[in-house]
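The structure under discussion appears below in the form of structure tokens.
Chain letters run A, B, ... following the sequence lines, proteins first and then strands; every chain starts at 1. Below, each value reflects all heavy atoms present in this structure, side chains not excepted, and no hydrogens, waters or symmetry copies.
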Amino acid sequence: MEVARDLIGCVVRHAGSAGRIVEAEAYHEEEPACHAFVGLTARTKPLFGPAGFAYVYRSYGIHALLNAVTSEDGEGAAVLIRALEPLDGIELMRARRGVERLTDLCSGPGKLTQALDIGLSLNETSLLADGPIEFLPREAADAPVPRIVVSERIGITRAMELPWRFSDANAVRFVSSPRPPELRARAA
DNA sequence: TAAACGATGCCCT
DNA sequence: GGGCATCGTTTAC
């Protein structure tokens, strides 16, 4: 989950569009909200490593969700990318999403995959420069140091008490709903 | 082989 | 702010 914190501020680039990560959640096999909790299956195989690859799966039969695998020593672990601040290829994102508002383009895990045209075919591909999806470290992306807010994860029914959701308090506009309690009521 | 269950987003109030 | 569509994966019979 240190990786989830470090991923805030990184830039994700794919298919002519890019965004800065403003929200991410950590998942680990020892905790029941994680897909890897059930063990090694055809679906969860990518979660068990190696790290640095994508785990893309279908949620609710409709959406593709993007994870960065962070597995070490064969354990199942990953970070769910939940929201981006749009940077490049914004018109491309608008066309793919069918919406205009900047804050509606990538403010959710299913939204950002649609905006960046990330589909299930990219499962198990590399997230380094040699793969189709490219993750740029915060320093390389010359992004400002984010003010990170820690809260409970959302959209799950088990292990909800773990504080493994990380959001950038300086980019609240682009964080998905419901926002962390600490960030409600403010609009910057 | 069948049925239940989501790491969601959209549309309506 | 709340209800609902939708289908692959998992688990049970």
Side-chain angles (χ1 to χ4, degrees), chain A residues 1-5 7-8 10 12 19 21-49 51 53-71 75-86 93-124 127 133 135 149-168 172-181 183-185 187:
Chain A
M1 61 221 68
E2 285 307 309
V3 181
R5 177 185 290 272
L7 279 180
I8 303 296
C10 291
V12 183
I21 299 175
V22 298
E23 183 186 1
E25 288 179 352
Y27 287 85
H28 188 275
E29 67 169 74
E30 306 206 333
E31 147 271 305
C34 182
H35 288 175
F37 183 72
V38 299
L40 184 62
T41 68
R43 179 172 71 138
T44 62
K45 177 167 57 80
L47 288 172
F48 291 88
F53 284 79
Y55 169 52
V56 185
Y57 78 99
R58 187 180 298 287
S59 171
Y60 286 85
I62 311 172
H63 313 286
L65 269 56
L66 170 66
N67 295 249
V69 175
T70 59
S71 166
E75 295 191 314
V79 172
L80 170 68
I81 310 303
R82 285 198 56 89
L84 304 176
E85 172 185 352
M93 293 184 186
R94 288 198 169 108
R96 290 167 182 155
R97 292 271 301 121
V99 296
E100 288 298 313
R101 286 175 56 89
L102 196 61
T103 52
D104 290 337
L105 291 178
C106 298
S107 56
K111 296 178 185 178
L112 69 92
T113 54
Q114 186 183 18
L116 295 197
D117 193 27
I118 293 174
L120 300 179
S121 62
L122 296 176
N123 190 28
E124 298 186 83
L127 295 176
I133 309 173
F135 271 54
V149 167
V150 182
S151 59
E152 294 176 352
R153 298 177 295 181
I154 59 176
I156 56 176
T157 58
R158 293 174 292 186
M160 302 176 65
E161 71 284 359
L162 294 175
W164 287 359
R165 182 190 189 194
F166 302 90
S167 309
D168 183 350
V172 184
R173 290 187 306 262
F174 303 107
V175 173
S176 66
S177 296
R179 306 201 209 289
L183 298 182
R184 302 220 182 122

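Residues A:Ile154 and A:Glu25 form a side-chain contact, since some pair of their non-hydrogen atoms from C-beta on lies under 4.5 Å apart. Proximity of A:Phe174 to A:Pro86: side-chain heavy atoms (C-beta onward) are separated by under 4.5 Å at one or more points.
At whole-Å resolution of the value, CZ in A:Arg58 and P in C:dT10 are 14 Å apart. Here B:dC10 presents its P atom at 5 Å from CZ of A:Arg97, a figure rounded to the nearest Å. Atom CG of A:Asn123 is separated from atom C1' of C:dG8 by 13 Å (rounded to the nearest Å). Residue A:Met160 contributes atom CE, which lies 11 Å from atom P of B:dG6 at whole-angstrom precision. Rounding to whole angstrom units, CD of residue A:Glu25 and C1' of B:dT8 are separated by 12 Å. Atom P of nucleotide B:dT8 and atom CZ of A:Arg82 are separated by 6 Å, given to the nearest angstrom. At whole-Å resolution of the value, CZ in A:Arg43 and P in C:dT9 are 7 Å apart. Taking atom CG of residue A:Leu105 and atom P of nucleotide B:dG9, one finds them 13 Å apart after rounding to whole Å.
Heavy atoms of A:Ser176 sit nowhere under 4.0 angstrom from any nucleic acid atom. Within 4.0 Å (heavy atoms only), A:Arg165 reaches no atom of the nucleic acid at all. Using a 4.0 Å heavy-atom distance criterion, A:Arg153 is classed as making no nucleic acid contact. Here A:Leu65 lies in heavy-atom contact (under 4.0 Å) with sugar-phosphate atoms only.
When only modelled atom types and interatomic distance are considered, A:Arg173 and A:Thr103 share no side-chain donor-acceptor pair under 3.5 Å. Side-chain contact, A:Thr41 with A:Lys45: no donor N or O sits under 3.5 Å from an acceptor N or O.
Using a distance-only test at 3.5 Å, with no hydrogens or angles considered, a donor-acceptor pair links the side chain of A:Asn123 to the main chain of A:Val56.
Across all strands shown, C:dT6 has no partner, as no Watson-Crick or G-U wobble contact with both distances under 3.5 Å is found.
Closest to the side chain of A:Thr157, out of C:dT11, B:dG6, B:dG9, is B:dG6. Between B:dA7, C:dT10, B:dG9, one nucleotide has an atom nearer to the side chain of A:Thr41 than all others, and that is C:dT10. In the set B:dA7, B:dG6, C:dT10, B:dA7 carries the atom at the smallest distance from any side-chain atom of A:Leu80. Checking B:dG6, C:dT10, C:dT6 against the side-chain heavy atoms of A:Tyr60 singles out B:dG6 as nearest. For A:Tyr27, the side-chain atoms get nearest to B:dA7 when compared with the rest of B:dA7, B:dC10, B:dT8.
Here the CD1-CD1 distance, from A:Ile8 to A:Ile21, works out to 6.5 Å after rounding to the nearest 0.5 Å.
Along DNA chain B, the nucleotide closest to A:Val99 and the one closest to A:Ile154 are compared, and the more 5′ of them pairs with A:Ile154.
A:Ser59 has no side-chain polar atom (N or O) that falls below the 4.0 Å cut-off from OP1 or OP2 of C:dG8. For A:His35 and C:dT9, the shortest distance from a side-chain N or O to OP1 or OP2 is not below 4.0 Å.
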